[in-house]
Structures are given as C-alpha cells and as structure tokens.
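This report refers to the structure that appears directly beneath it.
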Amino acid sequence: MISEQIRVRFAPSPTGYLHVGGLRTALYNYLFARQNNGVFILRIEDTDRSRYVEGAVENLIETLKWAGLDYDEGPGKGGEYGPYVQSQRLDIYRKYAKQLVEEKKAYYCFCTPERLEQMRQELEQKGEFAKYDRFCLNLSSSEIEQKLKSNTPYVIRMKVPDNTTIKFYDLIRKDVEISSQLIDDQVLIKSDGYPTYHLANVVDDHLMKVTHVIRGEEWLPSVPKHILLYSYFGWEIPALAHLPLLLNTDKTKLSKRQGDVAVEDYRAKGYLKEGLINFIALLGWNPGDEREIFTLEELIQEFSIERVGKSGAVFNIDKLNWINLQHIHKKTEKEMLPILKEIISRSKYKDQLFSDKYLEKVIHAMRERINYLAGILEKSPYFFEPPSSYDPNYLSKHWKSETPIWLDKLVEAFSKLENPVKNDFESALNQTAEALGVGRGKIIHAVRLAVSGVGEGPGLYDILDILGKEEVINRIQQAIKNIKIQYARE
RNA sequence: GGCGCUAUCGUCUAAGGGUUAGGACACCGCCCUCUCAAGGCGGUAAUACGGGUUCGAAUCCCGUUAGCGCUACCA
C-alpha cells in the first residue's frame with residue numbers, strides 16, 4: 001500500500017502584509033510538505049470583505065517568494081483543486097450550507113444584529129454565557145419561505161448538539177476536550193452571502209484533500225465546530241497541529257507598535273531571508289541537539305512536528321541579529337551587493353553613483369560590524385558622503401593642538417603616492433610618524449576622525465583604500481579647517 | 001465572567017524519575033587590537049508556588065497563581 005500523499009496549506013487572509021507569525025506558520029507547513037514529498041498549497045481566505053486590502057494578495061505572494069517558500073498549488077500557480085481564492089468559491093460554500101439546512105444540521109436565521117446585541121447584553125447581565133438563543137431554530141417552513149421571498153436578510157447557522165463533549169487529538173497538544181455546551185450555533189453563511197472562516201475552511205480543506213492542518217494556536221478553541229462540521233458532512237478529519245503563538249518582549253501577542261512584525265520590514269532593512277527563516281524556525285522548534293544555524297534545505301531534513309513546543313515564544317531581535325550575522329558570514333560580497341544597492345536606491349544616496357566594485361569593498365569592510373545590510377548606511381555613512389560633524393568624545397581624546405601639523409605632513413606624504421592601495425597608505429603613515437617622532441597611533445586616530453567623523457569602524461587603512469587618495473586628502477584638509485573653526489568657537 | 005492552552009536562566013531552549021539542570025542570544029570580565037566589530041577564553045543567571053506519589057521529582061498526579069488565546073454575520 002502506498003500511503004496517502006501529504007497535503008498541507010497556508011491560508012492567510014489578505015489584510016495587508018505578511019506577519020512574521022504567518023511566515024512561521026507558512027514555514028512549518030512548507031517544511032512538513034517538503035520533507036514528506038507532499039504538496040504545499042497557498043489558499044487565500046478573503047471572506048471578510050470589510051477587511052480586504054487592495055494589493056495584499058500580490059504582496060503576500062511576493063513575500064513568500066522572497067522567503068523561498070514556493071507553493072505547489074495556489075493563486076497564479078493553478079492546481080487540480082482550485083480556485084484557491086475563497087471569494088471565487090462562493091457557490092461551493094452555499095451548496096454545502098444548503099445541504100446542511102436540508103438535513104436539518106443547519107438553519108436559516110433572520111435575527112437582526114440589533115436583536116442579537118440586545119440578547120447578548122441581557123445574557124451577560126445575568127452572568128450567563130452569551131450564546132445564540134435559537135430564536136429561529138424552529139420556524140415553520142412557510143415562515144421561512146415567506147421571509148426568503150420578501151428578501152429578509154438572513155444567515156445560516158449550524159446546529160450544535162446540546163450536550164456532547166468533543167475530544168480530539170492534536171499533534172502538538174495531544175488530547176484536548178471541550179464540552180459542546182460552550183459552543184455557539186456558529187454562523188456559516190453571512191448575510192452578504194459569504195461564508196465564515198469555519199465553513200469555508202472545512203469545506204476547502206476537504207475538497208483540496210488537505211491531510212494535515214498546521215495553524216496558529218488561536219484556532220484551538222474553534223476546533224470542535226470544525227469537527228462537528230466534518231461529521232455532519234461525513235468527511236474524514238485531517239490531522240491537527242496548533243502552533244504556539246509568537247510574543248512581544250512583554251509576553252503579549254506579537255503586534256505592531258512594539259517593533260516590526262511585517263516580513264517586508266525585515267526584508268527592507270536588509271535581513272537575509274536565510275537569517276529570518278532560520279530564526280523563525282527556532283521559535284517553537286529545535287533539533288534536539290545544540291545546532292542552531294540551518295539552511296532551508298537543512299531545516300527540511302531536520303524538522304519534525306513532534307519537536308515543536310507548546311508554549312509561546314518571544315520574538316527576540318538580538319537573537320535574530322546574531323543568527324543573521326551567521327548567515328552573512330556565509331555569503332560573498334557579490335551575493336549581498338544587490339541587497340545593498342536596493343537599500344541605497346531607497347535612501348538619500350539614491351542619486352549618487354557607486355560602482356559595484358566600490359560597494360563590494362564597502363561590504364567587505366563592514367560585514368563583521370553589522371547585523372543587516374542597512375546597518376552599513378547607519379554605521380558608516382562616510383562611505384557615501386564626507387562627515388558633516390565630528391564625534392566630540394573621540395575628538396577631545398584624539399585631536400590635540402599639534403594634530404593639524406602632523407596631518408599637514410601626512411597629506412604631503414599621501415600626495416606623493418601614485419594610485420596608492422592599502423599598504424601604501426600604511427607605510428606612508430608609518431614613515432611620517434617616524435619622521436615626526438610621534439607614535440603612529442596618535443596619527444591613526446586623528447586621520448580616522450578626519451575621514452569618517454566617528455571613532456569606530458573598519459581598520460583605518462581599509463577605509464583609506466576604499467575612499468581613495470583624492471577623497472582622503474580632501475577630507476583631511478577639510479577636517480583641519482573645520483575643527484579649527486570648532487576650536488575657535490569654543 | 002466562562003472555556004481552553006501554557007509554565008526551566010532576562011530571552012530561545014535541552015534534559016521526560018537519579019546530571020555539579022546543558023547549549024545559544026543578551027550581559028560582565030580577559031585575550032586579540034589603530035577604533036568599533038568579528039573571533040577565542042571565562043563568568044553571572046532558571047525548574048512559578050503549595051501539596052502529594054516515590055528510596056529519589058524540573059520530570060508523574062492534584063490544587064493555586066500567572067500569562068496568553070477564544071468567547072463576532074474577523075480571520
């Protein structure tokens with residue numbers, strides 16, 4: 001016997017950008033599919049028209065593509081079980097809802113939102129669970145027909161049995177049981193004709209032959225509704241796995257306000273997809289040994305649902321930074337060049353021209369000093385424009401009254417160099433220091449300040465080599481002038 | 001409020017009856033060094049609380065507490 005092919009899906013709703021929590025859900029689904037030679041489906045759950053955001057689907061697909069999580073079936077890709085956008089499947093949901101109504105497993109409800117609101121308030125005041133009171137459960141068929149004919153707005157609700165306990169097994173949480181007493185007669189079809197998540201999800205998972213439902217923990221409490229639906233339809237229930245939540249530093253559910261949650265924001269900062277994926281994979285899963293750095297391929301090999309944890313994980317940016325650096329270590333300058341160029345094209349330096357060779361040298365000099373590519377612009381703007389100010393602390397420590405005299409000598413020495421490279425700058429500086437009878441360290445710090453304006457960064461000779469003779473001399477002369485002015489003001 | 005899920009260093013986690021409770025990030029110190037990083041070495045730091053079961057509990061059971069999730073014609 002050949003066992004059934006594994007099919008999983010990532011089913012986001014297009015409400016804007018892809019959330020990092022969503023990326024993790026997508027990743028785990030992807031890993032599970034790939035390691036089992038299964039199928040990874042992308043399904044768009046756009047059944048809430050009020051929350052629909054223009055362009056969100058394209059954005060979602062683009063971001064998934066960037067992350068390297070390519071899907072086998074879905075919008076723009078096709079597949080046997082499409083369409084993969086729920087708003088294009090309305091007839092299907094209506095058909096199944098009708099079927100349930102005919103079998104008395106669901107019923108029309110004509111209650112107005114106002115009545116429901118009032119009912120809830122009353123129940124809440126009495127301290128009772130605010131559950132639909134089944135006002136419309138026993139309407140006569142003639143009543144129903146009449147209301148339907150007069151176009152009274154309606155929803156279709158599923159009928160939930162009164163007193164059963166629903167037990168199910170979750171791959172991550174093991175045995176869970178919930179009493180049906182607490183389950184409301186869930187709306188399946190809304191008055192606008194669109195299905196709710198619960199109906200659409202169950203119908204689609206069945207029709208698309210999904211074998212494993214891997215999704216966020218926030219869905220755990222509604223599993224009984226889904227199980228009821230599966231049994232009403234007489235369908236097999238897929239395996240379930242509810243992933244722990246991603247949290248803010250203060251342990252609340254990960255949200256905007258407390259930092260970036262959109263995958264595209266990390267991308268824009270120049271985090272490597274390898275770094276983000278690696279970090280996110282480790283939020284709730286570990287290989288069982290002490291390895292931490294993984295490529296996507298390695299994750300496919302190593303991942304297992306059994307090793308996914310149960311408790312929420314804080315999204316810790318420090319760890320992301322470290323993991324991303326580990327992946328920067330593995331990249332060549334050439335590989336990172338397009339990312340840097342992209343960042344520059346969105347920066348204030350976008351109109352300046354920098355050669356690929358120049359930028360590769362900058363990456364080489366900065367790669368150990370950053371955690372993401374945009375860090376190059378943040379930490380070493382001096383590779384893109386002359387310093388506009390000089391760090392006061394560094395200045396007071398390393399800029400003495402004799403400094404301008406030494407630097408004049410140095411400029412003189414540098415001027416004589418022809419097409420100097422790193423070593424030429426170094427020996428010229430050494431010779432000048434010796435001739436002056438000054439420790440070379442003193443000159444080095446002053447030059448660093450003059451050319452970069454700050455007291456940190458790559459080795460000085462690397463900076464000089466990148467900037468080139470003309471620029472170096474200009475900046476030193478500029479600094480002598482500017483810093484004199486600064487002194488004069490004080 | 002009700003229901004559910006969860007609980008090991010600050011954070012991510014390992015250990016699933018017997019370990020000095022391990023690793024990683026962060027933090028601190030030292031080395032390296034023209035600065036800042038990177039790298040190397042070392043250090044501080046945890047089983048939420050209370051009861052059981054057991055020769056022995058982070059681990060099994062019960063309770064408490066806390067956090068989070070759900071309780072919509074949102075997903």
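Quick note on labels: first sequence line is chain A, next is B, and so on, each numbered from 1.
Pairing of B:G16, defined by two Watson-Crick or G-U wobble distances under 3.5 Å, is not identified with any nucleotide. When both distances must be under 3.5 Å, the Watson-Crick or G-U wobble mate of B:A24 is B:U11. Base-pair partner of B:C73: not found among the strands shown (Watson-Crick or G-U wobble, both distances under 3.5 Å). Under the Watson-Crick or G-U wobble criterion, with both distances below 3.5 Å, B:C49 is paired with B:G63. Nucleotide B:U33 has no partner under the Watson-Crick or G-U criteria, as no pair reaches both atom distances under 3.5 Å. In this structure B:A38 sits in no base pair that meets the Watson-Crick or G-U test at under 3.5 Å.
Stacking of A:Lys147 on the aromatic ring of A:Phe110 is recorded, both the 6.0 Å distance cut-off and the 45° axial limit being met. A:Phe135 carries A:Arg115 over the face of its six-membered ring, with the cationic atom under 6.0 Å from the centre and within 45° of the normal. Taking the centre and axis of the six-membered ring of A:Tyr28, the NZ or CZ atom of A:Arg24 falls inside the cone set by 45° and 6.0 Å.
Nearest nucleotide to the side chain of A:Val314, out of B:C25, B:C73, B:U11: B:U11. Checking B:G39, B:G4, B:C74 against every side-chain atom of A:His329, the shortest atom distance belongs to B:G39. Distance from the side chain of A:Ile444 is smallest for B:C34 among the nucleotides B:G23, B:A38, B:C34. In this structure, of B:U35, B:C25, B:C5, it is B:U35 that holds the atom nearest to the side chain of A:His445. Comparing B:A75, B:C36, B:C34 by their nearest atom to the side chain of A:Glu456 picks out B:C36.
A gap of 7 Å separates the P atoms of B:A48 and B:C9, to the nearest Å. Spacing of C1' atoms, B:G16 relative to B:A7, comes out at 16 Å, to the nearest Å. Separating the C1' atom of B:U13 from that of B:G50 is a span of 27 Å, rounded to the nearest Å. Of the C1' atoms belonging to B:C70 and B:U11, the separation is 27 Å, rounded to the nearest Å. For B:A21 and B:A57, the P atoms lie 14 Å apart once the distance is rounded to whole Å. Between B:C62 and B:U54, the two C1' atoms lie 16 Å apart (nearest whole Å). Comparing B:G2 with B:A72, their P atoms are spaced 16 Å from each other, to the whole Å. Comparing the P positions of B:C49 and B:A58 gives an interatomic distance of 11 Å, to the nearest angstrom.
Put simply, the side chain of A:Arg215 never gets that close to the backbone of A:Leu220: no donor and acceptor are under 3.5 Å apart. Under the 3.5 Å distance criterion, the side-chain polar atoms of A:Tyr71 are matched with a main-chain donor or acceptor of A:Pro75.
Distances shown here put every side-chain N or O of A:Arg448 at or beyond 4.0 Å from the OP1 or OP2 atom of B:U33. The phosphate of B:C12 has neither OP1 nor OP2 within less than 4.0 Å of any side-chain N or O from A:Asn316. Residue A:Lys190 places at least one side-chain N or O under 4.0 Å from the OP1 or OP2 atom of B:C74.
In this structure, A:Pro195 reaches the sugar-phosphate backbone alone: every heavy-atom distance under 4.0 Å involves primed, P, OP1 or OP2 atoms, never a base. The residue A:Ser13 sits close only to the backbone: its heavy atoms come under 4.0 Å of sugar-phosphate atoms, none of a base. Nucleic acid contact for A:Val155: base, since at least one base atom lies under 4.0 Å from a heavy atom of the residue. At the heavy-atom level, A:Gly216 lies nowhere under 4.0 Å from the strands shown. As judged by a 4.0 angstrom heavy-atom cut-off over every strand, A:Tyr461 is placed among the base-contacting residues. Contacts of A:Leu460 with the nucleic acid, taken as non-hydrogen atoms under 4.0 Å apart, include base atoms. Residue-level contact check: A:Pro113 touches the bases, meaning some heavy atom is under 4.0 Å from a base atom. At a threshold of 4.0 angstrom between heavy atoms, the contacts of A:Pro244 with the nucleic acid are absent. Among the atoms of the strands shown, only primed sugar atoms or phosphate atoms (P, OP1, OP2) are found under 4.0 Å from some heavy atom of A:Thr47. Across all strands, A:Arg367 comes closer than 4.0 Å to no nucleic acid atom at all (heavy-atom distances). Residue A:Gly441 is classed as having no contact, given no heavy-atom separation below 4.0 Å to the nucleic acid. Backbone-only engagement by A:Leu325 is indicated by non-hydrogen atom pairs under 4.0 Å involving sugar-phosphate atoms exclusively. Across all strands shown, A:Arg49 has no heavy atoms under 4.0 Å from either base or sugar-phosphate atoms.
No hydrogens or angles were tested; on distance alone, a donor-acceptor pair under 3.5 Å links the side chain of A:Lys319 to the base of B:A24. On a pure distance criterion of 3.5 Å, no polar donor-acceptor pair joins the side chain of A:Arg173 and the base of B:C5.
Using cut-offs of 30° and 60° for the angle between ring planes, the A:Tyr108 and A:Tyr154 rings count as perpendicular. Relative ring orientation between A:Tyr17 and A:His19 is described as parallel, the plane-to-plane angle staying below 30° on a 0-90° scale split at 30° and 60°. Using bins of under 30°, 30° to 60° and over 60° for the plane-to-plane angle, the ring pair A:His226/A:His198 lands in the tilted bin.
A salt bridge between A:Lys361 and A:Asp462 is absent, with no side-chain N of the basic residue lying under 4.0 Å from a carboxylate O of the acidic one. Here A:Glu426 does not pair with A:Lys422 in a salt bridge; the nearest charged N to carboxylate O distance is not below 4.0 Å.
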Between the protein and nucleotides 58-66 of chain B, which nitrogen or oxygen pairs come in under 3.5 angstrom?
none

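Atom-to-atom, CD1 of A:Ile166 to C1' of B:C3 comes out at 13 Å; the value is rounded to the nearest Å. The CH2 atom of A:Trp219 sits 8 Å away from the C1' atom of B:C74 (whole-angstrom rounding). The nearest whole Å value for the distance from the NZ atom in A:Lys379 to the P atom in B:A37 is 8 Å. Rounded to an integer number of Å, the gap from CG of A:Leu245 to P of B:C68 is 11 Å. At whole-Å resolution of the value, CD in A:Glu218 and P in B:U6 are 15 Å apart. What separates OH of A:Tyr52 from P of B:C73 is a distance of 24 Å, to the nearest Å. B:G2 atom P lies 11 Å from atom CG of A:Leu182, rounded to whole Å. The CD1-P distance, from A:Ile280 to B:C25, rounds to 19 Å in whole Å.
Nearest-nucleotide positions on RNA chain B for A:Asp48 and A:Asp462 put A:Asp462 closer to the 5' end. Nearer the 5' end of RNA chain B, as judged by each residue's closest nucleotide, is the contact made by A:Arg440, out of A:Arg440 and A:Leu247.
Within a 6.0 Å sphere centred on NZ of A:Lys442, heavy atoms belonging to other residues, nucleotides or ligands number 12 at most.
Of the residues listed (A:Arg134, A:Arg157, A:Lys225, A:Lys159), the one engaging A:Asp185 in a salt bridge (charged side-chain N to carboxylate O under 4.0 Å, His left out) is A:Arg134, and it is the only one.
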